[in-house]
There are 2 protein chains.
Amino acid sequence: MSERGAAEGGLRERKKRATRAALAEAAIRLAAEHGVDKVTVEAISAAAGVSERTFFNYFDTRDDAFVVIDSEATDRVRAALLAAPAELSPLEALRDALAAELAGAEQDHELWGLHAGVLRSAPHLLVRSLGAHMADETALAEAVAARLGTPVAVPDGAGPPGEEERRAALELYPRLLAALAHTAVRVGVEHWCSRREGDSFAEVFQQVFTLLAAGLPAPTR
Amino acid sequence: MSERGAAEGGLRERKKRATRAALAEAAIRLAAEHGVDKVTVEAISAAAGVSERTFFNYFDTRDDAFVVIDSEATDRVRAALLAAPAELSPLEALRDALAAELAGAEQDHELWGLHAGVLRSAPHLLVRSLGAHMADETALAEAVAARLGTPVAVPDGAGPPGEEERRAALELYPRLLAALAHTAVRVGVEHWCSRREGDSFAEVFQQVFTLLAAGLPAPTR
DNA sequence: CCTGATTTTGCAGAGCCTGCACTTTTGCAT
DNA sequence: ATGCAAAAGTGCAGGCTCTGCAAAATCAGG
């Protein structure tokens, strides 16, 4: 498993992290070997050396064990977005922040591969995974807004009249950009997976953002 | 419930549709009244006048009953996309096809409102709902590709060398556009819901596509 | 070592979901 | 109308998921 930040905290927190990691890893390995829906919570717990009840102290749902890899990734993307050079457009800054994170993710190669295989074999888990990422979307939108110096949400009934429309557009933009981030990643991954060989993932990713920045023109044959 | 196409088919299919609709409607009404997780399959089935077992003949999962509204919507969008005037760009054609469908959806006002409320109160159902729509994404991508006269997927090892890159880009485009369709709808709905009054949904929707067509420029304050 | 806080565990029980065999309903041809 | 085959609905047994609760084990600090 990833060792990022594994040495911090007292014995208690280290043990907790270890238990969670053990459960998640056991879940993925068992799923990769026997198929997702043949893996019971009982089996996962046994493989991780804890009781079945403890599993549910760490994951709300059996499926959650197959989904969450790195809960800090979204924080890093946000930080990268805020730290990006000011001369980059919001779209460019977002592109670079995502590219950096995705490049880093390719380090944890073995588990990432197993994960990809498991998610590909179980669409409903893929959906769940996307949903988990989506939960961070509001936070990402706020980061975009902060970069623009624009509030993503404002209290009711404030501001002079006539400003409504402009404010609405300003709030829409960060939301849209944050949503596009996940869409871009998803489409990039799907397209990249659907082709046995060819472009590297980074290249596909660039293509996606090129199309977005160009306003989605009809491609020429 | 929606009566669209309710008169088609024989008695058998009409009854099936009615049963499914009754289950879905019962689920939503019960959820709106008592809260999603206080509604059991038993209660839904009883309200719809069928056995608990029958519920699972129609829905794979309890949650599915809260999610699917109209399984034919995607077919209509695809048809509209293919029937759109040739002079429209793919993005414009997609915009209009979606707008037409969404305008139609606003007819079924009462259930649509209950639905929105239920999904807003249960994020995991919202995720599921998005996932359901995502499942149609490949079909939509194929429609986009058909409009362009471009295959979205090609058999392995065909075609002259050097054509790889261009073909990759051609395959990427429909996928991206299809994915953007759902993103646009989602962001539009979210943004629209987050503001008590103001723009109509149609206006918000237009704004989203204007931003996309312009290549996501940084908004000016 | 003792105490309080946190974590783990076992257990009971409700609810979700599936496979299977069986009954009822529907479509259709005679 | 009647009979037959296919489709839909039903009942039941049983396994798995998930929750609340209280007891036991583990960690942190005086």
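Lettering of chains follows the sequences in order, A, B, ..., and the numbering in each one begins at 1.
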By the 4.0 Å heavy-atom rule, please label [X] as base, sugar-phosphate, or nothing.
X: Arg53(B); result: base
X: Tyr58(B); result: sugar-phosphate
X: Asp60(B); result: sugar-phosphate

Quick check on [N]: is either OP1 or OP2 less than 4.0 Å from any side-chain nitrogen or oxygen of [X]?
X: Thr54(A); N: dT9(C); value: yes
X: Lys15(A); N: dT7(C); value: no
X: Thr61(B); N: dC17(C); value: yes

Salt bridge or not for Glu33(B) and Arg29(B), using N-O below 4.0 Å?
no
Can Arg186(B) and Glu190(B) be counted as an ion pair, charged N to O under 4.0 angstrom?
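Glu190(B) and Arg186(B): salt-bridged.
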Rounded to whole Å, how long is the line connecting atom [atom1] of [X] with atom [atom2] of [N]?
X: Arg12(B); N: dC28(C); atom1: CZ; atom2: P; answer: 9 Å
X: Phe55(B); N: dC17(C); atom1: CZ; atom2: P; answer: 8 Å
X: Asp63(B); N: dC16(C); atom1: CG; atom2: C1'; answer: 10 Å

Anything under 4.0 Å to a heavy atom of chain A counts; send over the first and last such nucleotide of DNA chain D, read 5' to 3'.
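Reading along DNA chain D, I get dT17(D) to dA28(D).
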Can you list, in residue-number order, the parts of residues 26-33 of chain A that come under 4.0 Å of DNA chain D, counting heavy atoms only?
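Residues of residues 26-33 of chain A that come under 4.0 Å of DNA chain D do not exist, since none gets that close.
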